[in-house]
There are 4 protein chains.
Amino acid sequence: MYSFKNDYSEGAHPRLLKALSETNFEQVDGYGEDLYTQKAVQLLKQTIGRDDIDIHLLSGGTQTNLTAISAFLRPHEAIIAANTGHILVHETGAIEATGHKIISVEVGDGKLNSLHIKSVLDLHTDEHMVKPKLVYISNPTEIGSIYSKKELEEISVCCHENNLFLYIDGARLGSALCSDENDLELSALADLADAFYIGGTKNGALLGEALVICRESLKEDFRFHMKQKGAMLAKGKVLGIQFLELFKDDLYFDMAGHANTMAGLLRDEITKAGFNFLVHSPSNQIFPILPDRIISELQKNYAFYVWSKVDPDHSAVRLVTSWATKEEKVLAFIKDLNGAL
Amino acid sequence: MYSFKNDYSEGAHPRLLKALSETNFEQVDGYGEDLYTQKAVQLLKQTIGRDDIDIHLLSGGTQTNLTAISAFLRPHEAIIAANTGHILVHETGAIEATGHKIISVEVGDGKLNSLHIKSVLDLHTDEHMVKPKLVYISNPTEIGSIYSKKELEEISVCCHENNLFLYIDGARLGSALCSDENDLELSALADLADAFYIGGTKNGALLGEALVICRESLKEDFRFHMKQKGAMLAKGKVLGIQFLELFKDDLYFDMAGHANTMAGLLRDEITKAGFNFLVHSPSNQIFPILPDRIISELQKNYAFYVWSKVDPDHSAVRLVTSWATKEEKVLAFIKDLNGAL
Amino acid sequence: MYSFKNDYSEGAHPRLLKALSETNFEQVDGYGEDLYTQKAVQLLKQTIGRDDIDIHLLSGGTQTNLTAISAFLRPHEAIIAANTGHILVHETGAIEATGHKIISVEVGDGKLNSLHIKSVLDLHTDEHMVKPKLVYISNPTEIGSIYSKKELEEISVCCHENNLFLYIDGARLGSALCSDENDLELSALADLADAFYIGGTKNGALLGEALVICRESLKEDFRFHMKQKGAMLAKGKVLGIQFLELFKDDLYFDMAGHANTMAGLLRDEITKAGFNFLVHSPSNQIFPILPDRIISELQKNYAFYVWSKVDPDHSAVRLVTSWATKEEKVLAFIKDLNGAL
Amino acid sequence: MYSFKNDYSEGAHPRLLKALSETNFEQVDGYGEDLYTQKAVQLLKQTIGRDDIDIHLLSGGTQTNLTAISAFLRPHEAIIAANTGHILVHETGAIEATGHKIISVEVGDGKLNSLHIKSVLDLHTDEHMVKPKLVYISNPTEIGSIYSKKELEEISVCCHENNLFLYIDGARLGSALCSDENDLELSALADLADAFYIGGTKNGALLGEALVICRESLKEDFRFHMKQKGAMLAKGKVLGIQFLELFKDDLYFDMAGHANTMAGLLRDEITKAGFNFLVHSPSNQIFPILPDRIISELQKNYAFYVWSKVDPDHSAVRLVTSWATKEEKVLAFIKDLNGAL
């Protein structure tokens, strides 16, 4: 049984484990005040090409989202998100638990645009309603689509014109940035967004996300919020060491590239086999629509999620690849798929 | 420079790193639903000697405290804690951020007793005040003292008579249980407390705390709370694998025992050198009172916290040992101390 | 200028002011522990026909909703509401501010049914999503429609089968119960709902809502929640005296009946004049669709909200009547409308 | 039985009820956007002597405190208060329920000073602890003492030097300002504090507190917070009309003066009778220490709280006077006291 269920099924890239082992007995300060974390932050700033940003390392995506968003907003301020947004759907009300409403916008392809944002603003006109203040997008989105630079610029302009913060959930940011269709540089994110995070857990770390705060006014006292939300590891170096390794020699991008290549291989061969996809997703998640009979056949040897029923005989499935996905398994999957036709 | 600042200065016990490496490429389910986590939970239940308890693995102490306590209480219910309690002092208002007041009780030695609890209950008589509902204690306490079985039984009886939950913060539980003066079995904790946690971070894990929920009514839906508070790692196996290793062959207790032995060595020799201590602490934290001149001398080669001024010329310092503390460094410290007299 | 904007434009029914004046210098206990409040609660229990319910008097609708719902739910539990629900739209995120997500269901006529509820339950299957626990409906709804007894029974059965609480926002409950089309008795509400409130502010009180808690498990410690949310008036008798008067000699129902009669008069005459309505609303709010030209004409002498654009030349307006609406003004409005045709 | 239990035992000053009656049938806008509220705000600004302040009318003290403080603070920021502070003791954790810790400072006479504040700041040095940000004081304090202008200036300077907000709970502000010992003008409060409220409920209103926001940065969007916390009455005019009346012809100060005069009469005569007081309280609450035998005797005809046991045979009692306290009853009390000697 080989799994295409997720990009966090395996552990960490061996280089990260090696780095953890090699530094294991060094005594360092706790709570992210160690030298490794400082070096990792420095390296990330270099990679992004900006020195005037703050970077904090946290453990997971939900934790990063709830800590950042609740730190950025006042009690009456709300978030605008696509109806597919992770914070809306799969974080057990983590944001609402910090007191903030998320305003859902129905979108087809997982992507928000400035018209969506304006339509929300038009409806929120007085103090009997929450005040929209932060736009949440994910890149890639939860269904694998990615934002072009132009799309992101348009959103960013809209946000700034309307005094909104733009926050980007980058749980799978590596995959977006390494997509064949991507035209966004990492540095552009720092220019266009007020804050975003670079996901480590889903691209080869044991755990860890790097939150980048670009807007000056959002930086103050952030470590208080981390501590308060339980998001400050005593052994903060566990995150620092991993991120230092991830961004040394472009390992992070190499891994994301591999995940995309494997997804691309699946996509191409499934297309050749005559099947369509639920959504155009040029990243490491693909959603082919397959006959239910074939799905059952494939499930004998492969684990993956059946995403949604498309018609009485067909369903969309989700296949996720990662830095650890083996090409031989991808090829075997394709062979088995073709064999089942 | 050798550090006695903390018990989380180093990484993990090498056996844990080895286990992480060996299982690295196994594909497992996420969010703590993997086999390693299940095995770890099973092993913990065996070690505790109870099968009717729920065990959840979380990342850190503050996270465990805030997730558990906010899950257990209704909005108007409050916590009773010693004034030295970690949740009161060093968690940046994490509990209050979930909406609950902590009622502080002034105690001398870090330990709460039933008289303290009753004095709080006597003062809280109607709906104009919060309703005390959960007693929070730490064992060992934040200043190294430990509870005897009799003391804990008395608190437990008081809690049950007054319809209060008893929650024990076990960030350094290993050190308490392995203290020369300890007469508490791990199983007794499960009988006396409604919930407690077994700290991993401060006893040889990279990160990880095992929350044990003993009271039936507190178990329901706990995983929802973990997810909502950002306390559910995607790669939950990182915690499972470590706890499985920690409780295999009593590694956890061996490590805590070593920490205590090193602290004992320091304590004995400092006593011999003619010094007193701020508090009686038979665990891995000791608080000798030293002349400021000697403190300055020792700070040239050793890192540790100066805890409090005792008189114009003397201060108490905090020395913390751990599973990783080297005996040779302890001996060197003692030698340097004696040399400085 | 005469206003049909709201049912809270005037003060209180004169009998209430008289009762406040007559009792003004009596010294009574504070915080709702006075004799008038106790008598009001007793009278309400009689009117509802149940003695095993708890009744609390609060100041306003948003306050009642947020105090009750946050008292009833655990942190991970969520509310199901129609997309038109007041708590979703016009309470500035008051519920989310207490930590709870509201799941919105798109409905046409403001009314939720068991299919809607089940569709939400089907989507919420694990701990990565909130746990739906309370169904919020308003009767009448925010757009004037009302629930039949059969509809409410079906919802109630669905809630009980699925372990959900049913909560009814009765800001305008009098108008629903006195509607020509109503077949619900007040006593049935107590049988079918777990909690509901009887709105005073919108039916002749200066301020005041009576929250009725029917389910035993939701009653405990409710006064703590009231105090904590700032919902316990020092001079609680101000509410008690008013509710005592409201339910003496059926004044409450007489007033609601008058409001409905005035709305009915408007409805009938507008229908006769050849116009349609946005929604079927047999209560004290009606939403006729009028030519924009006529709307402009009417706005010279009458205040009301333009609700929504229906086509380039027509809009729906909202006309609200109350206990204080003068028949002569209604007739004048109709005359002016007909004159403008 | 005559009650000295509270200053909210009676209803409202008759002039307020009359004003409510006279305006009862005028149709006005809801939610505090009516003309009466606007006039009241204007009159309050004149009385305070400042035009650059924002004033909002809310229903009660706890509601005002929780709405204001939660609007002013970010999640990690905390409040400093005297251990006797109302928000600490008698508001059921209302502030903590909005997520903020209150740091308690032990004081003898209910009054905070700059040394207390600095001692808290000295202890809160990093992100492992909350960040003190708002100083909460009450004038008069909960035990009847009042702040001199010099004392308040010293606190204000300390707050501004340390970037803290100063918030004054004025539930009984009238009594403080009209005390024989007072040297504070209302206008000075607006200069020295960042926000404060002028209590109506305890000085002759049915309900109502006027929150004054002086600091520019705290003004923005305050009505959103009011609505979110359930603190915006639909019939906002009920508050506006009352405050307009309260501050017309100095009624507010006349009433507070009467309450003080009555308290002074009690104080003088009790002193003459040879008794001491628990605390020096030159406002409308006094705390004489009486023999328990005499207390029992007085309780036959008078209601009041026994505050605390002073020695085996003596207790302090609390006597509260108000605008409605009758001189004849005060004289009768004194006579009965002297008769019981």
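All chains are named by letter (A, B, ...) in the order of the sequence lines, taking the proteins before the strands, and each is independently numbered beginning at 1. Please read these numbers as outputs of a predicted model, since none were measured by experiment.
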May I ask you to decide if [Y]'s main-chain N or O and [X]'s side chain share a donor-acceptor pair within less than 3.5 Å?
| X | Y | value |
| --- | --- | --- |
| B:N24 | A:A12 | yes |
| B:K235 | A:G11 | yes |
| B:Q27 | A:S3 | yes |

Quick one: what part of [X] sits under 4.5 Å from any heavy atom of chain B, side chain, backbone, both or neither?
| X | value |
| --- | --- |
| A:L66 | side chain |
| A:D34 | neither |
| A:V28 | both |
| A:H225 | neither |
| A:A231 | neither |

- Query: Closest heavy-atom contact between A:Y8 and B:G30?
  - Reply: CE1-CA, 4.2 Å
Nearest 0.5 angstrom please: [X] [atom1] to [Y] [atom2], how far?
| X | Y | atom1 | atom2 | result |
| --- | --- | --- | --- | --- |
| A:N6 | B:D29 | CG | CG | 8.5 Å |
| A:Q63 | B:L233 | CD | CG | 8.0 Å |
| A:E10 | B:T23 | CD | OG1 | 11.0 Å |
| A:L20 | B:L20 | CG | CG | 8.5 Å |
| A:E26 | B:S9 | CD | OG | 12.0 Å |

- Message: Below 4.5 Å, heavy-atom pairs only: which of A:A234, A:G60, A:A303 has the largest tally toward chain B?
- Response: A:A234
- Message: Let's test your reading of the structure: which of A:G99, A:P14, A:G61 forms the most heavy-atom pairs below 4.5 Å with chain B?
- Response: A:P14
- Heavy-atom neighbours of B:K329 NZ exceed 12 at 6.0 Å: no
- Within a reach of under 6.0 Å around CD of A:Q38, are more than 12 heavy atoms found that belong to other residues, nucleotides or ligands? yes
- Name the option with the most non-hydrogen atom pairs under 4.5 Å to chain A; the candidates are B:K229, B:K202, B:M232, B:K237. B:K237
- Message: Could you go through B:T62 and A:K227, starting from their C-alpha distance and side-chain angles, then the distance that decides it, and tell me whether this counts as side chain to side chain donor-acceptor pair (under 3.5 Å)?
- Response: CA-CA 8 Å; B:T62 299; A:K227 180 66 189 171; 3.2 Å; yes
- Message: Quick check on B:L17 against chain A: is it the side chain, the backbone, both or neither that has a heavy atom closer than 4.5 Å?
- Response: side chain
